[in-house]
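All remarks here apply to the structure that follows.
Chain naming here is simple, since letters A, B, ... match the order of the sequence lines and numbering starts at 1 in each.
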There are 2 protein chains.
Amino acid sequence: MATSRQAVDKRRVILDAAVRVFARQGFHTCRVSDIADEAGVAYGLVYHYFQSKDQVLDTLFLERWDVLLDAIRETDSLDLPATEKLAAIAGFIIESYRHDPDLMKVIIIEVTRAANSFGGAHIGKISEAYELIAGVVRKAQATGEFRTEIPAEFAVMAFYGALEQVLTGWIFGLLDQGDEAYEGAKAHVVETICRGLAA
Amino acid sequence: MATSRQAVDKRRVILDAAVRVFARQGFHTCRVSDIADEAGVAYGLVYHYFQSKDQVLDTLFLERWDVLLDAIRETDSLDLPATEKLAAIAGFIIESYRHDPDLMKVIIIEVTRAANSFGGAHIGKISEAYELIAGVVRKAQATGEFRTEIPAEFAVMAFYGALEQVLTGWIFGLLDQGDEAYEGAKAHVVETICRGLAA
DNA sequence: GCTGCGATTGACTGACGAGTCAATCCGGGT
DNA sequence: ACCCGGATTGACTCGTCAGTCAATCGCAGC
């Protein structure tokens with residue numbers, strides 16, 4: 001990993017460059033040399049820090065997904081109505097997009113939705129998020145806040161699916177963006193799903 | 001297209017073989033020779049009927065998506081409450097999966113969710129479906145069946161996103177399958193979303 | 001000033017697989 | 001019997017990269 005006292009962490013530089021390149025050209029379409037160029041670094045250095053092109057994307061995804069997982073766990077541990085927990089989770093994801101659209105674009109397009117390539121490889125990690133959210137729903141069903149007719153697994157799919165679809169809409173320019181749009185989306189998604197789940 | 005009086009339509013044979021191969025190995029991972037082998041046909045024949053490997057997938061997708069689009073238009077033209085229209089649409093999609101899981105798997109995994117490759121190319125076609133469903137929602141908002149607080153565009157994303165996520169869950173074995181599961185899913189998705197949208 | 005070692009470089013290799021193409025086959029028309 | 005054109009074959013070409021590697025750099029410690 002990070003070894004000595006260098007002015008800049010080239011590993012990080014490469015990772016950040018990769019985000020831009022992946023967001024712009026897509027993972028499959030770009031060449032490793034594109035990443036190196038964008039980072040202002042020699043081709044071989046990418047392989048000094050990473051074992052493969054794939055590993056660059058894996059690193060990007062795992063870094064960020066673990067943050068998300070922590071955020072969900074944190075939220076879940078709070079003593080709040082499920083509706084507010086889900087609002088917090090949706091809020092976190094949407095804020096992530098607002099804060100770094102390129103990174104979220106890469107994670108969604110190249111991993112989360114890319115069931116044919118990296119999505120399959122990271123199914124386990126992705127499912128962890130589903131499972132955590134399902135836990136929120138189950139607890140709410142136990143307390144009577146949510147009705148029990150809808151299995152928690154479906155509730156999660158509806159919630160996460162709706163959210164991801166909205167993000168995808170932004171990424172593709174199918175949906176308006178901007179601060180009000182983000183706030184609106186946050187409210188609408190949570191409202192729609194929670195009304196659907198509420199007892 | 002189909003020219004003379006041959007016993008079997010090789011073009012169709014190739015297409016059907018491609019569905020199996022794509023479903024099993026994935027579009028990017030499989031070779032054109034895999035398709036030819038699966039179809040029991042020489043390599044070059046694939047290029048006699050199709051201009052490229054991509055065009056094989058394009059054909060599969062467009063063939064089926066147009067059927068879906070027609071089904072939605074048909075449903076929309078009926079005089080039914082929006083809730084029932086959405087139920088019919090969800091039903092059609094789920095039945096498509098039940099009837100030919102391989103084909104739906106390919107369409108969802110390799111096109112619809114594959115924003116990085118074919119999804120981008122077919123955004124237009126895919127959006128047509130969103131737009132049609134948005135029409136259903138808007139009409140329901142006009143009659144007061146659905147409330148107007150949620151923009152129709154979001155409603156569509158929630159509806160379609162939830163549905164696609166459930167299908168994806170089946171494809172990855174994350175969700176139970178079987179006849180009762182399909183019926184349940186149909187009801188749950190529609191119920192959840194429509195309660196969320198209802199006035 | 002020298003040595004050691006990780007950081008950095010970039011030319012080169014090797015595999016892989018899409019697409020080409022010239023040859024062959026085959027059935028129907030004359 | 002012969003010809004024509006579409007169907008069918010499969011060996012071969014050709015470009016593209018991912019990944020390798022031997023060489024060089026530059027700083028830290030002595």
Side-chain angles (χ1 to χ4, degrees), chain A residues 1-61 106 110-111 114 116-118 120-121, chain B residues 1-61 106 110-111 114 116-118 120-121:
Chain A
M1 303 284 131
T3 319
S4 48
R5 64 258 68 163
Q6 44 202 154
V8 284
D9 180 357
K10 292 293 180 73
R11 189 185 131 96
R12 192 74 251 164
V13 169
I14 292 169
L15 247 11
D16 292 345
V19 169
R20 274 172 268 131
V21 174
F22 291 163
R24 190 194 319 132
Q25 310 176 227
F27 178 84
H28 297 292
T29 325
C30 85
R31 287 162 290 191
V32 173
S33 65
D34 292 331
I35 301 174
D37 290 350
E38 175 82 24
V41 132
Y43 186 90
L45 196 62
V46 175
Y47 287 91
H48 178 70
Y49 288 109
F50 303 93
Q51 286 179 19
S52 65
K53 186 187 178 189
D54 286 17
Q55 209 196 53
V56 176
L57 179 55
D58 286 347
T59 303
L60 251 14
F61 167 70
V106 170
E110 306 293 349
V111 186
N116 48 3
S117 46
F118 288 85
Chain B
M1 304 287 130
T3 319
S4 47
R5 66 257 70 171
Q6 44 202 154
V8 283
D9 179 358
K10 292 292 179 74
R11 189 184 131 95
R12 192 73 250 166
V13 170
I14 292 170
L15 247 10
D16 292 344
V19 169
R20 273 173 268 131
V21 174
F22 292 161
R24 189 194 321 130
Q25 310 177 226
F27 179 84
H28 297 292
T29 324
C30 85
R31 287 161 292 194
V32 173
S33 65
D34 292 332
I35 302 175
D37 290 350
E38 175 82 25
V41 134
Y43 186 90
L45 197 62
V46 175
Y47 287 90
H48 178 71
Y49 288 108
F50 303 93
Q51 286 178 20
S52 65
K53 185 187 178 189
D54 285 18
Q55 211 197 54
V56 176
L57 179 56
D58 286 347
T59 303
L60 288 171
F61 166 71
V106 169
E110 306 293 349
V111 186
N116 48 4
S117 46
F118 289 85

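- At the phosphate of dT8(D), neither OP1 nor OP2 sits under 4.0 Å from any side-chain N or O atom of H48(B).
- Of the possible donor and acceptor atoms, one in the side chain of Q55(B) sits under 3.5 Å from a partner among the backbone N and O of Q51(B).
- Taking every heavy atom of both residues into account, F50(B) and T59(B) meet most closely at CE2-OG1, 3.9 Å.
- No donor-acceptor pair closer than 3.5 Å links the side chain of E110(B) to the backbone N or O of V106(B).
- Protein atom CG of D54(B) is 13 Å distant from nucleotide atom C1' of dG17(C), rounded to whole Å.
- One finds a side-chain N or O of Y49(A) lying less than 4.0 angstrom from the OP1 or OP2 phosphate oxygen of dT8(C).
- A sub-4.0 Å separation between OP1 or OP2 of dG10(C) and a side-chain N or O of Y43(A) is absent.
- Between the P atom of dA7(C) and the CZ atom of F50(A) lies a distance of 13 Å, rounded to the nearest Å.
- The stretch residues 21-32 of chain B touches DNA chain C through C30(B), R31(B), V32(B), each having a heavy atom under 4.0 angstrom from the strand.
- Per the geometry, CG belonging to D34(B) stands 13 Å off P belonging to dC16(C), to the nearest Å.
- Salt bridge present: R12(B) and D16(B) bring a charged side-chain N and a carboxylate O closer than 4.0 Å.
- To the nearest angstrom, P of dT20(D) lies 15 Å from CG of L45(A).
- With contacts defined as side-chain heavy-atom distances shorter than 4.5 Å, the pair H48(A)/R11(A) does not qualify.
- Backbone-only engagement by S52(B) is indicated by non-hydrogen atom pairs under 4.0 Å involving sugar-phosphate atoms exclusively.
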* To do: Begin with the C-alpha distance, continue with both residues' side-chain angles, and end with the deciding distance and a verdict on side-chain contact (heavy atoms from CB on, under 4.5 Å) for T29(A) and S117(B).
  => CA-CA 9 Å; T29(A) 325; S117(B) 46; over 6 Å; no

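- Cation-pi geometry between K53(A) and F27(A) is satisfied (NZ or CZ under 6.0 Å from the ring centre, within 45° of the ring normal).
- Note on K53(B): every side-chain N or O is 4.0 Å or more away from OP1 and OP2 of dG19(C).
- Nucleotide dA23(C) holds its C1' atom 20 Å from the OH atom of Y47(B), rounded to whole Å.
- In this structure, the CD1 atom of I35(B) is 13 Å from the P atom of dG17(C), given to the nearest Å.
- Projected onto DNA chain D by closest heavy-atom contact, G44(B) and Q51(A) fall at different nucleotides, the more 5' of which corresponds to G44(B).
- Going from atom CG of D9(A) over to atom P of dA7(C) covers 10 Å, rounded to whole Å.
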